[in-house]
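Fair warning: this is a prediction, and the values are worked out from it, not measured in the lab. Values reported hereafter were calculated over all heavy atoms of this structure, with side chains retained and with hydrogens, waters and symmetry mates removed. So you know, we letter chains A, B, ... as the sequences are listed, proteins then strands, and number each from 1.
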Amino acid sequence: MRNNNNNNNKNDNVVTLQDYNNKVENQWCPGCYNFAILTALKRALVELQKKPEEICLVSGIGQAAKTPQYLRCNYFNGLHGRALSVATGVCAANPHLTTIVTTGDGDCYGEGGNHFLHTIRRNPKFTLIVHNNQIYGLTKGQASPTTDKGDRTRLQMSGVENYPLRPLALAIIQGCTFVARGFTGDIPHLAKLFVEAIKHPAFSYIDVIQPCIIWGTRSMNWYKERVYQLPADFDPSDKQAALAKAMEWEDKIPVGIIYKAPADPVFADRFRSEVGADKLYEAPPPDRSVIREVLNSYC
Amino acid sequence: MRNNNNNNNKNDNVVTLQDYNNKVENQWCPGCYNFAILTALKRALVELQKKPEEICLVSGIGQAAKTPQYLRCNYFNGLHGRALSVATGVCAANPHLTTIVTTGDGDCYGEGGNHFLHTIRRNPKFTLIVHNNQIYGLTKGQASPTTDKGDRTRLQMSGVENYPLRPLALAIIQGCTFVARGFTGDIPHLAKLFVEAIKHPAFSYIDVIQPCIIWGTRSMNWYKERVYQLPADFDPSDKQAALAKAMEWEDKIPVGIIYKAPADPVFADRFRSEVGADKLYEAPPPDRSVIREVLNSYC
Amino acid sequence: MNKNDIGIIISGAAGQGLQTVGYVLAKALSRSGYEVFAWQEYESRIRGGSNSYMIRVGEKIAAAPIERFSIFLPLDAKSRAKYLPLLEDDGVLIEEREAAGREREATEGGPAVVTVPFQQIAEQQLGNKLYANTVAVGALAGILGMDLAVVNDILTEEFGRKGAEVTAANIAAAKAGYDLATAQTSAAQRWQLPSTSTSGAKYFISGNETLALGAAAAGCNFMSAYPMTPSTGIITFLSAYSRKLGVLTEQAEDEIAAINMAIGASYAGARAMTATSGGGFCLMTEGVSLAGMTETPMVIVLGQRPGPATGLPTRTEQGDLLFAINAGHGEFPKAVLAPADARDAFYKAARAFTLAEKYQIPVIVMTDQYLADAYSTIDLDPDLLLQAAAGAAQAVDGAAQAVEVAGGGDDQLAGNAGAGDGAEYYRYALTDSGISPRRFPGQGPQLVCCDSDEHDESGHITEDLQLRQKMVEKRMHKLEALRQEIAPPEAHLVEDVKIVLLSWGSSRSAVFEAVARLRAAGHKVGALHFTELWPLPDYTFAEGVRYYTVESNAGGQLARLLRGEYALRLAGSICRYDGLPLTSSYIVQSPVMTAALGNGGGMRHAQ
Amino acid sequence: MNKNDIGIIISGAAGQGLQTVGYVLAKALSRSGYEVFAWQEYESRIRGGSNSYMIRVGEKIAAAPIERFSIFLPLDAKSRAKYLPLLEDDGVLIEEREAAGREREATEGGPAVVTVPFQQIAEQQLGNKLYANTVAVGALAGILGMDLAVVNDILTEEFGRKGAEVTAANIAAAKAGYDLATAQTSAAQRWQLPSTSTSGAKYFISGNETLALGAAAAGCNFMSAYPMTPSTGIITFLSAYSRKLGVLTEQAEDEIAAINMAIGASYAGARAMTATSGGGFCLMTEGVSLAGMTETPMVIVLGQRPGPATGLPTRTEQGDLLFAINAGHGEFPKAVLAPADARDAFYKAARAFTLAEKYQIPVIVMTDQYLADAYSTIDLDPDLLLQAAAGAAQAVDGAAQAVEVAGGGDDQLAGNAGAGDGAEYYRYALTDSGISPRRFPGQGPQLVCCDSDEHDESGHITEDLQLRQKMVEKRMHKLEALRQEIAPPEAHLVEDVKIVLLSWGSSRSAVFEAVARLRAAGHKVGALHFTELWPLPDYTFAEGVRYYTVESNAGGQLARLLRGEYALRLAGSICRYDGLPLTSSYIVQSPVMTAALGNGGGMRHAQ
Ligand SMILES: Cc1ncc(C[n+]2csc(CCOP(=O)(O)OP(=O)(O)O)c2C)c(N)n1
Ligand SMILES: Cc1ncc(C[n+]2csc(CCOP(=O)(O)OP(=O)(O)O)c2C)c(N)n1
Ligand code: SF4
Ligand code: SF4
Ligand SMILES: [Mg+2]
Ligand SMILES: [Mg+2]
């Protein structure tokens with residue numbers, strides 16, 4: 001009945017990959033590229049020398065959203081589509097946690113589309129990782145918002161008719177200051193992106209190409225033939241250029257940091273500095289005298 | 001108990017403004033710029049010589065969403081945030097109606113944000129008119145997604161902290177083929193935009209600047225000083241240029257058709273052509289023999 | 001004519017300043033030491049229409065709405081026509097003679113008329129029409145025989161920030177109205193209040209405000225919400241006092257975000273709340289279920305208004321009782337509370353947090369537009385405040401407490417669960433009480449894993465169906481202890497009665513007033529009033545009594561609930577569903593009541 | 001050992017082809033003329049885990065699940081270990097000797113073992129491991145003594161599109177398995193089915209499929225939905241047959257869009273439906289309320305699964321009854337139906353549309369994972385089909401019909417309402433029945449105005465509170481006529497019994513089977529089964545009977561509902577909430593049943 005969360009830490013203070021392993025049976029299909037994301041994420045956390053108890057993963061529902069199960073750390077695995085809202089609440093209550101959302105394209109852009117739009121505007125300090133397999137994996141192969149036009153699925157039997165969502169461009173428009181695309185075909189590069197994103201002092205976002213080997217409409221090879229790394233001289237601070245890159249698909253698919261700008265103040269920081277609050281579970285309720293003071297204005 | 005919907009048509013077949021008048025008491029504030037939108041819309045419908053019974057207005061909840069009450073025509077005034085979904089259903093059931101959504105910035109971009117994203121991708125043939133007063137009017141002055149950063153409202157007393165939504169840019173990214181901005185300070189121009197939008201053979205969208213004289217954070221003058229019409233040589237078919245224009249705000253605010261592209265096939269057309277269906281209320285249920293045929297595959 | 005319980009109604013269009021007139025007067029009355037109860041009726045628009053601000057005042061009054069009034073001051077012709085029928089024959093009508101379209105309907109034996117040309121005075125004596133409303137306030141103060149000094153104090157507080165000149169002009173305006181009204185002596189003396197002596201601090205405050213303050217006092221430090229009448233006032237209040245009270249408030253993009261943010265914040269250690277009305281609550285129900293499954297404490301305020309759908313957005317109703325109790329898919333424990341009035345709202349808010357933290361459940365607090373917006377004079381006892389805060393504080397360290405409870409169960413388990421840093425920790429440890437040790441992520445080396453799927457003790461997804469059964473039982477088991485501490489209905493004069501009225505939430509004062517009136521008329525009637533509605537505690541209903549529910553809805557939802565829980569046989573329901581609050585007159589004069597009393601309408605005279 | 005009612009269980013990991021093995025076998029059995037009932041248990045994952053496909057077959061069987069089986073064929077070691085305890089002692093275990101980690105547990109007197117090296121045969125005789133599953137099908141066919149020709153037909157139908165070669169190989173594989181199994185004669189003969197004669201067309205079909213087809217037959221031509229287990233199969237089916245059946249299907253971005261699209265489509269004249277499960281239903285509740293307020297007919301399928309929150313997404317439960325009945329804020333009429341089985345689902349879907357159109361209300365059809373996924377042999381009578389279609393057709397011109405009903409009321413009104421093109425038209429005309437004339441926008445010059453706010457007869461927003469009251473009464477009044485035509489519970493052997501089981505929805509077959517078993521053991525037990533749950537009709541429960549509810553939930557929701565509606569006193573509830581469907585064994589052996597019978601466990605032997 002229990003999956004032991006025992007602290008695997010050795011006595012020294014160095015965090016290793018092993019600290020992030022747990023004994024939970026993985027439910028993904030053998031060969032699924034979600035494993036690549038899991039590996040890259042663990043490597044990034046080790047590189048950042050974050051302890052499991054400092055991490056808080058938040059997810060919704062779907063294959064991608066199962067990620068927190070397979071990584072020894074704090075997590076909240078909530079409702080389909082709502083991970084961004086939960087994570088915003090987590091950041092509000094405790095800014096010291098390294099909060100990371102692991103979600104799918106259906107979870108984040110479909111059911112959760114409205115939170116995707118508005119969470120970016122709110123700019124809470126956490127990292128959003130979208131496992132974009134362009135399909136609804138867990139529910140057995142319906143089109144997601146990013147499924148390409150014309151692709152046939154288990155539900156869209158004669159082909160998807162909708163224009164595909166371009167999430168990176170949306171994020172740029174919404175004022176996101178760290179927008180990247182990763183690829184499960186290149187784990188070291190992906191891990192590096194994760195490190196950069198987590199280090200970014202504001203909301204950061206990575207859409208990761210993660211072919212679904214069961215229901216996916218495109219093979220790993222299809223992506224491999226198109227994916228290219230942004231050249232060294234690409235300037236991720238140029239918003240218009242970034243927008244153009246963010247719309248690229250079909251023939252060539254850029255990966256890397258597509259847009260990066262100086263971070264704006266993050267959600268709840270102003271409240272925190274003005275009130276002197278830190279972790280909300282340590283905040284005492286207001287003194288009776290304060291309550292009386294407020295009440296007295298109603299005399 | 002009844003607001004008479006009596007047909008005001010004279011015996012000839014020419015539609016006049018009067019055909020669109022009804023006797024319903026208007027609940028907007030005297031001087032509200034929603035009246036300008038109402039006027040422009042009536043003029044556009046007259047110019048298009050549409051009969052009231054050919055029109056179907058769909059709205060959500062808010063001041064803007066009251067528009068259908070004040071115009072003699074068919075309408076469905078539904079839930080806050082859900083007008084786009086209802087209108088999609090209307091188009092699916094009856095493509096012969098001229099369907100128009102009149103909604104507010106809170107209704108459409110806040111509560112209804114997810115439908116805004118995905119309805120555009122679906123491309124149903126109707127026109128979306130957003131009365132953008134950058135505020136929640138009906139609920140007495142809370143920030144909407146388009147309220148500018150730093151503006152103080154009844155709820156955001158020390159100023160809005162969120163990055164404002166740029167709805168026109170979002171629409172372009174989502175594949176909308178008719179994207180315009182209108183201004184209640186110029187009714188003839190607004191009416192012309194409405195005419196163009198309704199004529200567009202796919203989903204069309206106009207965001208209309210409509211200062212709220214009660215709760216608004218910017219005055220009509222503030223807008224008047226900044227609004228300019230797109231020059232005649234502006235090419236609305238250039239997506240990148242359109243995106244740049246769509247992001248313009250603060251100092252200069254362009255109005256007019258910002259992006260226009262050839263229309264893609266619209267929602268439900270493929271079904272309709274393959275099935276030979278037209279108005280769904282005229283479609284007979286499948287013949288018993290067809291049901292038997294399907295059942296027989298389960299023998 | 002009862003000078004100790006006077007009804008005043010002021011009417012006008014939205015945007016006319018009606019609310020300021022009413023509020024200044026009511027607050028001045030309250031400050032003067034009277035008991036004041038004020039409520040409003042308004043349309044869903046920002047300008048125009050016909051609204052009213054109603055005040056009931058006296059030395060000792062029932063804090064309940066009434067149907068007819070003794071003093072009427074209309075600010076415009078349209079609302080004058082609408083509300084004039086509510087004026088008592090022996091009342092007084094204060095009006096601006098000059099206004100167009102107004103016919104003097106007062107006749108011999110009918111209401112007295114006091115003429116005060118508000119606008120003319122404002123313009124001619126004060127140089128600005130804007131002061132007309134303050135002239136009206138002064139006139140009302142005159143009729144009521146108030147001490148103008150108190151009115152001046154309130155005016156200074158209200159207009160002080162607009163500068164000394166504006167304040168002085170307002171004070172002069174009030175005096176002008178006062179003088180003109182008192183000059184018309186015969187009419188004016190009719191409704192002069194008896195003098196009263198102020199005793200102790202009294203607060204003139206609304207249900208939304210007491211609820212918000214009660215929540216903050218109980219340690220609420222995070223509120224996310226999406227605006228929706230009539231609950232918007234709660235986040236508006238907490239935003240205004242955000243820094244002072246230490247409450248982080250956030251307007252969400254929709255109600256789904258609002259509840260999920262609150263759940264996230266609570267998971268990470270905040271005391272979190274959200275507030276909405278029916279339509280928004282619909283959207284939150286999945287989140288309520290999530291809070292139930294993940295055992296995340298949180299408080300949801302459901303400010304009811306008449307449905308279905310958008311309905312009548314600014315009116316009142318109690319139409320969501322069964323929906324709230326059964327809200328959320330699947331089965332999980334929750335508590336549903338419904339404050340009786342603004343005072344109770346303060347304590348119930350604190351109680352909601354206490355129950356939420358203790359049982360790690362969602363708690364729904366049901367109010368309605370009437371309760372949310374109504375103001376009343378409350379004499380809050382600081383010691384009672386202290387008690388409430390202490391009650392809440394008891395649960396502040398939810399984690400520690402839960403560990404103790406858990407310790408009562410399985411020793412080996414408690415050993416693990418309760419141990420300090422570095423030990424094994426199971427968020428959903430199976431315990432005797434069903435309550436598992438709660439910790440917050442980042443609080444120590446223990447990992448806090450919460451899951452929306454069915455999970456094992458550590459919080460990981462499980463497909464073990466035996467464990468599933470145990471987890472259901474663990475969660476549902478919390479309901480049993482919770483039920484033990486839920487308050488039974490408040491019994492009001494139920495000894496030896498043959499008829500008992502059953503009611504819930506905001507209608508208490510109206511129902512108890514109805515009981516008083518019925519008893520005064522010789523009928524043996526009592527009442528049982530519920531403010532804690534789920535789970536319902538064991539309760540024995542006296543035999544040989546006819547039970548009637550009194551509800552602000554059409555479906556008789558309380559009746560259905562009580563039948564479902566107690567298999568109680570009911571004699572009938574008195575239901576109101578026109579958007580207005582229940583009043584003692586409505587209850588007393590309802591056909592069901594009349595039939596119940598078997599006197600064919602003996603109570604049909606007006607209040 | 002009952003050769004006329006054999007239980008077969010096949011187990012394996014997700015992705016192993018388990019479903020194909022089971023389906024081919026079950027369909028072949030059905031085609032052979034037996035009654036077949038097949039249901040599944042699966043985890044929420046795409047590969048791996050331990051799933052099972054279960055078949056009950058005989059000449060005449062109860063279409064209900066059972067707990068133990070006579071034939072067991074595991075496809076992997078893990079699931080073998082999990083399900084072996086379910087094999088009867090006199091059963092037969094068919095297995096691949098070679099597989100690693102398998103210990104022969106069969107002993108003298110225990111299950112017979114038939115060894116069929118599926119993989120080896122597939123590889124060596126057919127050149128491809130992929131055919132192993134078909135070898136297994138053949139082995140099962142052999143044990144059951146089936147006519148291989150029927151199996152070959154099904155294989156041809158299933159694999160035909162992959163080419164002649166693949167089909168031929170599959171047929172050869174089946175034969176190899178068949179031969180090897182029948183060669184091991186003693187074991188093989190144990191469970192040979194008696195021969196049967198096919199009579200009439202029988203369909204082997206699931207609840208999701210019959211429900212979808214019933215909807216289409218009733219004229220449903222628009223369906224919008226968001227994928228959610230276990231309801232996804234409905235839109236998948238209608239998408240596959242979209243062109244043939246004339247149903248426009250659309251995957252929405254979320255459940256809120258799904259229901260609002262359907263409402264829009266219905267307003268404009270489509271017959272619209274959506275389907276979801278608990279979490280998605282939460283998000284739809286505001287739309288349900290909108291349909292109630294705007295009087296827009298629509299059908300919502302709520303395929304239940306164990307909650308709360310995400311719960312056990314692929315298992316079964318009846319945990320949403322009270323939530324569904326009370327769903328949506330405010331008060332409005334709705335109907336809630338719950339089909340008893342796949343056959344009933346076909347008719348109930350049509351009935352749902354009929355009621356929705358006639359009363360202009362939302363109708364909720366409650367199924368669950370068990371009913372949605374279970375396949376059974378149904379002998380659908382074309383005439384009955386016709387009747388259902390006709391019943392639906394009766395309401396096809398909802399407008400015309402409603403006008404007639406309206407005509408019964410206020411003559412002057414009906415004159416207006418019913419008049420043809422060009423006349424005045426009031427969408428919400430107040431009528432005696434509460435049903436107003438429905439037209440579609442664009443159908444004629446009449447304007448069709450619908451409002452989510454409280455509205456006047458023309459559909460425009462009103463703040464007239466007297467009209468509000470009338471509109472509430474108009475809407476609620478529809479409930480009364482609706483109640484008249486709601487079916488009472490199906491009475492099953494209730495004459496002269498002392499114990500009656502009360503049940504609802506998908507559990508009928510299991511409950512009736514339990515009744516049969518109890519009666520066979522000499523207990524006077526009957527059953528009342530509900531498939532129409534809201535509004536509940538007038539019904540008189542016999543006195544002197546102990547009533548027990550039987551439910552797939554922990555809260556005893558049917559009990560609470562019946563108490564609330566009938567003030568019925570109940571003796572107890574038999575509840576299952578481990579995610580598995582109710583079975584006659586579960587009911588018969590439950591402690592509550594045992595106590596009820598007062599025989600201390602006399603029925604505790606296994607089925
Ligand atoms: C409210 C709600 N609606 C629908 C579902 C069913 N559901 C679970 S996962 C999922 C789609 C997941 O797609 P994606 O996010 O792309 O994740 P993937 O499985 O592809 O990684 C859906 C529709 C649900 N759990 N809750
Ligand atoms: C589900 C739900 N949430 C909240 C509301 C309350 N509400 C009504 S209108 C509105 C905002 C309207 O803003 P906008 O769309 O900008 O319209 P405006 O009044 O400014 O024209 C809100 C929050 C509601 N009716 N329903
Ligand atoms: S279904 Fe696709 S996304 Fe899901 S685990 Fe399998 S391969 Fe991965
Ligand atoms: S509140 Fe603002 S938007 Fe609403 S009617 Fe008044 S001026 Fe117009
Ligand atoms: Mg996906
Ligand atoms: Mg607005």
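- Interface remark: D/Thr294 contributes side-chain atoms only to the contact with chain B (heavy atom separation under 4.5 Å).
- B/Glu54 does not touch chain D: none of its heavy atoms, backbone or side chain, sits under 4.5 Å away.
- With a threshold of 4.5 angstrom between heavy atoms, B/His115 approaches chain D through its backbone and through its side chain.
- Heavy atoms closer than 4.5 Å to chain D are found in both the backbone and the side chain of B/Ala92.
- Using a 4.5 Å cut-off between heavy atoms, D/Thr210 does not touch chain B at all.
- Looking at B/Thr99, there are no atoms closer than 4.5 Å to chain D (heavy atoms on both sides), in backbone or side chain.
- D/Asn260 places no side-chain N or O within 3.5 Å of a backbone atom of B/Val86 that could act as its donor or acceptor partner.
- Both the backbone and the side chain of B/Leu79 come within contact range of chain D, judged by heavy atoms closer than 4.5 Å.
- The contact between B/Glu293 and chain D is made entirely by side chain atoms (from C-beta outward), counting heavy-atom distances below 4.5 Å.
- Taking both residues in full, the closest heavy atoms of B/Tyr281 and D/Pro441 are given as CE2-O, 4.4 Å, listed atom of the first, atom of the second, then distance.
- The shortest non-hydrogen separation linking B/Tyr75 to D/Tyr267 is O-OH, 3.2 Å.
- In this structure, chain B has a heavy atom under 4.5 Å from the side chain of D/Glu209, while its backbone stays farther away.
- D/Phe204 touches chain B through backbone and side chain together, each having a heavy atom under 4.5 Å away.
- B/Leu280 has its side chain out of reach of D/Arg271: every pair of non-hydrogen atoms, C-beta onward, lies at least 4.5 Å apart.
- At least one donor-acceptor pair closer than 3.5 Å links the side chain of B/Asn74 to the backbone N or O of D/Val448.
- Contacts of D/Ala262 with chain B are absent, with no heavy-atom separation under 4.5 Å from either backbone or side chain.
- To the nearest 0.5 Å, the span separating CZ on B/Arg122 from CD on D/Gln251 amounts to 8.5 Å.
- For chain B, no part of D/Glu157 is nearby; none of its heavy atoms comes within less than 4.5 Å.
- For the 3.5 Å distance criterion, the side chains of B/Asn94 and D/Gln443 fail to qualify, holding no donor opposite an acceptor.
- Annotation: the span from B/Glu53 atom CD to D/Leu447 atom CG amounts to 6.5 Å, rounded to 0.5 Å.
- Interface remark: B/Val275 contributes side-chain atoms only to the contact with chain D (heavy atom separation under 4.5 Å).
- Looking only at side-chain heavy atoms (C-beta outward), B/Phe76 and D/Leu290 come within less than 4.5 Å of each other.
- With a 4.5 angstrom heavy-atom cutoff, B/Arg121 does not touch chain D via any of its atoms.
- A heavy-atom distance below 4.5 Å is found between the side chains of D/Phe237 and B/Val294.
- For the atom pair CD of D/Glu250 and CZ of B/Phe267, the computed distance is 4.0 Å after rounding to the nearest 0.5 Å.
- Using a 4.5 Å cut-off between heavy atoms, B/Ile55 does not touch chain D at all.
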